[in-house]
Amino acid sequence: MSSGGESIEKFRSLSPAEFFYRNREIAGFSNPSRALYQTVRELVENSLDACDNHGILPTVRITVFPENTKENHYRVTVSDNGIGIPPRYVPQAFGKVLFGSKYKLRQTRGTFGLGAKMAILYGQITTGKPVEVRTSPKGSQYSYFFKIMIDIEKNEPIVMERRIMKRKSKRHGTTVSVVVEGDWSRARSRILEYIKRTAMGVPYATITIITPEKEAYKYSRVIRKMPPPPREVKPHPRGVDIEMLKAIIASTKSSTLKDMLKNAFQSIGKKSAEILLEEAGIDPNKDPRKLTLDEITALVSSMRKYNKYRPPRTDALSPLGKDIIEAGLKGVLKPEFAYAVTRKPSSYSGHPFIVEVGVAYGGEVPLSPDKGPILYRFANKIPLLYDEGSDVCWKVVSDANFNWRQYNVKLPDRIAVLVHICSTKIPYKGVGKESIADVPEIEREVRNAVKEAARHLRLYLSKKIRAEEEKRKIMTLVKYVPEVARSLSILSKPPASDGNPVDYESIKSVLMKIIERRARKIDGLNIDLRELIIDVG
Amino acid sequence: MSSGGESIEKFRSLSPAEFFYRNREIAGFSNPSRALYQTVRELVENSLDACDNHGILPTVRITVFPENTKENHYRVTVSDNGIGIPPRYVPQAFGKVLFGSKYKLRQTRGTFGLGAKMAILYGQITTGKPVEVRTSPKGSQYSYFFKIMIDIEKNEPIVMERRIMKRKSKRHGTTVSVVVEGDWSRARSRILEYIKRTAMGVPYATITIITPEKEAYKYSRVIRKMPPPPREVKPHPRGVDIEMLKAIIASTKSSTLKDMLKNAFQSIGKKSAEILLEEAGIDPNKDPRKLTLDEITALVSSMRKYNKYRPPRTDALSPLGKDIIEAGLKGVLKPEFAYAVTRKPSSYSGHPFIVEVGVAYGGEVPLSPDKGPILYRFANKIPLLYDEGSDVCWKVVSDANFNWRQYNVKLPDRIAVLVHICSTKIPYKGVGKESIADVPEIEREVRNAVKEAARHLRLYLSKKIRAEEEKRKIMTLVKYVPEVARSLSILSKPPASDGNPVDYESIKSVLMKIIERRARKIDGLNIDLRELIIDVG
Amino acid sequence: MTYPGIDEIDYKQRLEAAKKLHEAFNKTIEELMRGKSPKLIIPKRTLSNTIYDPERKLLLLGPAKLKRSFTDVNEAKRFMQTVLMARILYESLLNNEYPTIRDLYYRGKYSITYMDLRDRRKKSENTWEEQKESDAAIRDIEVFTGLLREDMLVLSKEKGKLVGRIKLRSGGDVIDASKMGHGAYALESTPDLIDILEVDAEYVLVVEKDAVFQQLHRIKFWDKHKAILITSAGQPDRATRRFVRRLNEEFGLPVYILTDADPYGWYIYSVFKVGSITLSYESERLATPQARFIGVMMTDILTKEEMRNVLARMKNLRKRNLEDILNILRNKPYIDSKERRNVIIKAKEADIKRAEQLKGYTWFKSFRWRLELEAFLRYKIKVEIEALASKGLRFLAEKYIPEKIETGDCID
Amino acid sequence: MTYPGIDEIDYKQRLEAAKKLHEAFNKTIEELMRGKSPKLIIPKRTLSNTIYDPERKLLLLGPAKLKRSFTDVNEAKRFMQTVLMARILYESLLNNEYPTIRDLYYRGKYSITYMDLRDRRKKSENTWEEQKESDAAIRDIEVFTGLLREDMLVLSKEKGKLVGRIKLRSGGDVIDASKMGHGAYALESTPDLIDILEVDAEYVLVVEKDAVFQQLHRIKFWDKHKAILITSAGQPDRATRRFVRRLNEEFGLPVYILTDADPYGWYIYSVFKVGSITLSYESERLATPQARFIGVMMTDILTKEEMRNVLARMKNLRKRNLEDILNILRNKPYIDSKERRNVIIKAKEADIKRAEQLKGYTWFKSFRWRLELEAFLRYKIKVEIEALASKGLRFLAEKYIPEKIETGDCID
């Protein structure tokens, strides 16, 4: 076909690895400082997922060592005691972009199957060094060692070395080691802050980092309670879209639409399936494979509008829970009051999510800014450090949008809010995973959770205020008794000394009796008020 | 191999279409309002590229019409008079993610081969409607019409309809039409602002938008001068990385390293090739295919450190140029002074870029904020509207980082700065393409460009101030002459009326002579100063 | 009571005041000793209980009372402060002291020490922090007992000066205010203890500004025009007001007030005439309802054209008012528009607010006052007495003041 | 010159002043008419040209002069303002006016209209905007001609009052200041025109505060202690200062100054004694170098323990100083530490800054003044005269003042 024009475009296809290699900034690898931080982060999060998703109390050890000082190359090594990786998957898991274990409906820290590969890709581009992986899968008798590089054009792994070793101990886990060009001096405080906050959100883990200066920072496990590991679940119908329904139809084994809906989705039973199909005007017994595009569109529309589903199943999610959050806040911030809320599950676009909020007040909590409380954001247990201002959580808790005065809090005050959002899919604003997008469903849940926690705070504060108030009133009277008695006593003496003056003690005594009458109405006040008086000199 | 553990991970691969379908937020499709804006934007930018990259003065027409009011579906249609698309490429260009014409070293507006496909993907998910494309390639006698959907799992196009028509007129170009779920009322002002700024940066285009309310906004071409279209070029050696060099080695036809360097890179001649290889300690006549990984690493290192290359070729770039920028600023802002700078090309990570800066001052320029001048950002002729605060350009021009006082500007003032960065690859912070990352090379160029423009502004301002100053001095004396003459005249009369008073006119006349003596030294001042006096009443 | 400085009149006054103080509080004490919670019933000094009596042309306290109960926690501190102040005043009277209000503040100020119920710690609180508080206590006692502070021999800073054909007896001396040279007689704090022996004058001219007073005195204005010249040197103090009142009340002398043409000057006039709004209980003895405002007036400087603009703003004008206007404007403006440019001062936001307030007061609702205020609000300008001096002192003394008194161009 | 109010003395003064003014400016005019750019050579009134003369114990203007040339664009406006003010003063003198400085401001203020060279539009500019500017012009003329404003019959607001055994002649009247009843004699603006006829007193007591003056007067302190009692009612005006100076100079009366113990009070003392720092050219006639500070002193209220702390801060103490201390502290503190708690006021930041400044002045560098200032800076507290009243008026009149005078516990 066509065409003799002098300036015809040339078209070609691009592998995912090549795409991300060319656009590494969008995943946070924009400069040596940021890249080093991002590398640590991606590897640590993979390690934590390999542990707590499988009921293992995590022990993670990070080292950042200089590899080639002249060229600013650093070796980042992260070891965990996780479940390990089946050796047949290792090459692809580390050498093929968009390959991984996280593409399903279950809460994990990493989401894009991209992070670790970006670190490897970046290391390979900047230092030419392969990634080194040593893994000891749980239950296996062997340890496996790999050196892998990525064929960027083909998006395929190149295994440069592979070894198998018989293992003596039962210790399992994975160690990943990459060499990247980095800028430690500028990344240092970022990385240490990240590790500290991570430890705050995962108080059941032990995390150690050893820096190029050979300093070790260790955060030891403070509780042994763990959130239940998440499980994979079927999608929730409220978040269905046309594309998803088409995929389900293509793979279903059900012979009627009704059955298909029941089998493919959570929260749909016989009855609701019938209602949905009636709404869409489709025969419930129709063969799913015979649906027209218009029928699919109608069915999606009715599934999204129906509002009597059971809430999404929480099995896929792993919230921290009230106890862990409150323990974390108390341990780190030492407040006079702490309260946490775990909301019921909800969903957006078919992804279930749970919002958890903790509020810490008073005590040693640092003073907040004027514009809002101190905010600690977590997404699937990951601390979010940057771009706070554009995060939906900040939008909710900032003073401009949340009426803190209504809860007896006048900013700035000693108040901190922790928000944890867990979901099978966190809607990040960018691949850098630093802020969460304004999804209305999430915004509403965060607001309700903050309100609920703030109500408990208000209750605490107003009780405290009332008790103080009553005592203050009594004191107000008692303290003035001596002067009033003295003055009235002096005024009672007529100028031309006839008449009948009243002495100080008598007046004082009458005044005290009047006050005691009043004080008796207050319960819990059992003290001789006279002891409070210090007579006038 | 492995392994009877109870909780083994399942691994699988993901197609790029599926990846972006799941993560559409990162490309800016996070909600109906944002998605509608992003859809318009992606299609308009593709249209402009199809014109001015090929020397065609662009005429672009956009319509946004309601398609299904109940479900908030809008049809967005964008037509251009561009070069058209060869029909054999149409299905993949619109139905396969990461396929396109833009994966080469040449400045284009779109970069990721992703934008239009994301709009199509989003439309398909939310409305189930295919994209409709009508294209009339330049020089062909036919028009082609397609309806295409994307097979997301396979990342392949599904052509639902295909027609060929014999064409009468010679008019060429492409019309793309998608139906998406949108929120026009919230996206309206964003979209109109985007169109306005686009027109500001491309004053040689005619752009029309027709809104759902049937209002038409038309920006007509104001000049016919166009920037020269960019051409594809070889990479610059300063931005080489290990991966790139490996790819070049794999495909080179040269038999010696020296030849390979000369052929594969711009700015390398015989001499510099020899120097580079000597630095890396490699025989210039070695067969490239026999290089070890260590040698490759050494060569990359020496290529990146060498600092005597000719600057990168500008053929791949299409800067607007001083004239177009100044015309744009003057036309839109009506300033009393405007000056623009086009810097010499530079490069970062192997990508050439050019920075252009225009400064507009005084006149009808609106008052800037305290924190910095009004900033108009363009990247490859695209206006950037959002996330200004995190953009490298804001970092450079904000008062905190740029000493405006040194240039006689005290903020707030009537000052605007336009920054245009063009490059074969703009380092955006996110796929949303709203802000540019802090790449040191770019930051330095922007700062130098702003400094250069600001120096011309300072020159203008200080000349203006000096001339005014001289005149002011003369006025200062002249205006006080009447009162001084009167007072001295009255004081000259003794109290006991003997003595010799001096009259008003005589004193005035002497004073004026003294001033005229002084004024004669100022050139260009040719006026009888007496005319300026208004005598005391 | 053996100090040589004690004079008979002061001593008599002391005894009388002390008796009243004792009696006023003794009732409360007696009730208390019968076991009742102690309280003071005090006339309210609030704005809402300040009433303008159009008959007597005075601001007076209305009938509202407040009950200051010791057992009301919101009132306890003020109760304590009130009895504390009463005691100090009582003691001063009995000890032949002449305290100032600042003295009283110091004498009553000390730290009350007590044990706090809440944390069982020793704490302390001052009886009062600022003189504002002790001053309020003095005022409470004034309205509670009906004794003014002067009656209790409290002295205060006095700025009022006097010259003219008048003879007084004070503290045993006879003073002839027409024999003060270029200086003047400075008034005392207790003008009720002055004997006015002889008055040979036709009116009293009160001048807001001390320097203008001196200028008029220097050219013996009072001698030529048979006037008593008084200056309040700004906001009038109580003694000056009381003395002016006595001259008017006891000798029937007309009183003319000369101030700047601005809300501040008008308010000075208002204080002389009806009393201070915040201290209305004093008015009965301090205010001079017959006092009249002689200038400077807005109408003195506005052109006929401008006056028409002002009239256009005013509603409900009667025909008689319009005739008045023609009459008023006969000799005006005193300052032509060219001179004026240099003597007018732009009104500030606060001035305008103040004028809006004045507009609301009954005694500023007469036609002539409305004219002044509307003129001010229309043109937003102020004029000082000194502005007339741009035409020379003789203009003020020989034309402006006499002409106004003669033609009756004064505002009541 | 036919106005009846003109008196002989004033008229003579006018002619003399007018002649001086004319002569001073006529030199400039003559030079100008010879084609020279006009200029005025004026003694500099800057701080750096203010010199303390330790011999005469006075602040005086130094020898530096400034050349105010009309053709210097930075000086042109001030040149215009200076000759404008000279003209107005000259005219006032010749017209028998008694202007105030506010009058002069108004008389000289008008809009200069001119055509602007730059845009050929009519523009205008006021001769001066604020009185600050016209006041500066008056001062320039004072130093330029050697005439003080009083010499030019410029009147000003006067706050000074006087009682005691003294007879004066002013404006033809004879005034006996011991016959003022409870009131007082208010001083005039031109004290050099007063004839002091007879003085039967042993010293002059100047009291900063009017109310304290009234208290002392009320108990006839001046009679019992043969004193002349004067109040400056705050910062002293020029007439009060000149009159005090005359009493000291012409009659050899010791002068004692009684102020609050704070930098503001000390500065008042300093103005009486050596003159104002910003207006040092007046000192030669207005200051009283012999005046002594009688109190309130920091050393009046500090305990011996506290005094030791203060001494520890002071370097270069000689043995004699230490003996002095013991002597000073013999009768002190006058106020015990419990009373003190309620009468001391915490110093503000501005007070401390001011005290640091005072420390730098030569006349505050004597041992006794260093003691006061260091005590203030160490404890950062202020004490008012009224604080002594917490011990009763009699304490002040019968113990504090007499004892200090007798024992010589005053600061020079």
Side-chain angles (χ1 to χ4, degrees), chain C residues 3-6 10 95 97-100 102-103 105-107 109-111 126 155-159 161 168-175 179-190 193-194 209-212 214-215 218-221 224 233 341-343 384 386-387 389-390 392-394, chain D residues 3-6 10 95 97-100 102-103 105-107 109-111 126 155-159 161 168-175 179-190 193-194 209-212 214-215 218-221 224 233 341-343 384 386-387 389-390 392-394:
Chain C
Y3 192 79
I6 296 171
D10 286 7
N95 294 332
E97 299 273 355
Y98 293 93
T100 63
R102 186 86 179 147
D103 290 339
Y105 160 71
Y106 276 120
R107 288 195 195 187
K109 184 182 176 193
Y110 71 92
S111 280
N126 284 339
L155 302 187
S156 56
K157 176 171 181 172
E158 290 306 330
K159 300 174 300 177
K161 299 185 203 172
L168 316 168
R169 193 200 324 270
S170 165
D173 296 328
V174 173
I175 294 109
K179 299 275 185 242
M180 290 288 143
H182 296 151
Y185 183 62
L187 279 169
E188 69 188 88
S189 288
T190 50
L193 304 183
I194 296 175
K209 286 182 163 162
D210 182 90
V212 177
Q214 287 200 58
Q215 288 180 305
R218 197 78 174 203
I219 58 173
K220 283 222 160 51
F221 174 89
K224 187 168 177 206
R341 236 193 1 242
N342 303 310
V343 302
E384 292 186 294
E386 285 90 338
S390 62
L393 176 55
R394 232 161 283 158
Chain D
Y3 192 78
I6 296 169
D10 285 7
N95 294 332
E97 299 271 359
Y98 292 93
T100 64
R102 186 79 178 153
D103 291 338
Y105 160 71
Y106 276 119
R107 289 196 194 186
K109 185 181 176 193
Y110 71 92
S111 279
N126 283 340
L155 301 188
S156 55
K157 176 172 180 172
E158 289 305 331
K159 300 174 301 175
K161 298 185 204 174
L168 317 167
R169 192 199 324 270
S170 164
D173 297 326
V174 172
I175 293 108
K179 298 275 184 243
M180 290 288 142
H182 296 150
Y185 183 63
L187 279 169
E188 68 187 272
S189 289
T190 48
L193 305 183
I194 295 175
K209 285 180 163 162
D210 181 87
V212 177
Q214 286 199 58
Q215 289 179 304
R218 198 78 175 204
I219 58 174
K220 284 224 159 55
F221 174 89
K224 186 167 178 206
R341 235 191 3 240
N342 304 309
V343 302
E384 292 186 296
E386 284 90 339
S390 62
L393 177 54
R394 231 162 284 154

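Quick caveat: nothing in here was measured; it's all calculated off a predicted structure. Protein chains get the first letters and strands the later ones, always in sequence-line order, with residue 1 at the start of each.
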If you tally heavy-atom pairs under 4.5 Å between each of C/G392, C/S170, C/A233, C/A387 and chain D, the highest tally belongs to C/S170
What residues form a side chain to side chain donor-acceptor pair (under 3.5 Å) with C/T190, not counting sequence neighbours?
-> C/E188, D/R218
With a 4.5 angstrom heavy-atom cut-off, which part of C/K157 approaches chain D: side chain, backbone, both or neither?
-> both
Between C/A186, C/S189, C/G171, the one whose heavy-atom pairs under 4.5 Å with chain D are most numerous | C/A186
Of D/Y105, D/Y106, D/Y110, which meets side-chain contact (heavy atoms from CB on, under 4.5 Å) against C/N342?
-> D/Y110
Looking only at heavy atoms, which two atoms of C/A211 and D/T100 are closest? And how far apart?
-> CB-CG2, 3.3 Å
Is the side chain of C/R394 donor-acceptor paired with the backbone N or O of D/E97 at a distance under 3.5 Å, no angle test?
-> no
Looking at CG of D/D103 and CG of C/L393, how far apart are the two atoms once the value is rounded to the nearest 0.5 Å?
-> 8.0 Å
For the pair C/H182 and D/D10, evaluate side chain to side chain contact (heavy atoms under 4.5 Å, CB included) and give the outcome as yes or no after the intermediate values.
-> CA-CA 11 Å; C/H182 296 151; D/D10 285 7; 4.0 Å; yes
How far apart are the closest heavy atoms of D/D210 and C/E158, and which atoms are they?
-> OD2-N, 2.9 Å
Proximal component of D/I194, with respect to chain C [non-hydrogen, under 4.5 Å] | neither
Closest heavy-atom pair, C/P99 versus D/Q215, reported as atoms and distance to 0.1 Å, is CA-NE2, 3.5 Å
Would you mind checking which part of D/K109 comes under 4.5 Å of any heavy atom in chain C, side chain (CB onward), backbone (N, CA, C, O), both or neither?
-> both
Which region of C/L168, side chain (C-beta onward) or backbone (N, CA, C, O), has a non-hydrogen atom less than 4.5 Å from a non-hydrogen atom of chain D, or is it both or neither?
-> neither
List the steps, then state whether side chain to side chain contact (heavy atoms under 4.5 Å, CB included) holds for D/E384 with C/R102.
-> CA-CA 10 Å; D/E384 292 186 296; C/R102 186 86 179 147; 2.4 Å; yes
Look at the side chain of D/Y98 and the backbone N and O of C/I219, then say whether any donor-acceptor pair between them is shorter than 3.5 Å.
-> no
Can any side-chain N or O of C/Q214 pair as donor or acceptor with the backbone N or O of D/S156 at less than 3.5 Å?
-> yes
Mind checking what makes side chain to side chain donor-acceptor pair (under 3.5 Å) contact with D/D173, not counting sequence neighbours?
-> none
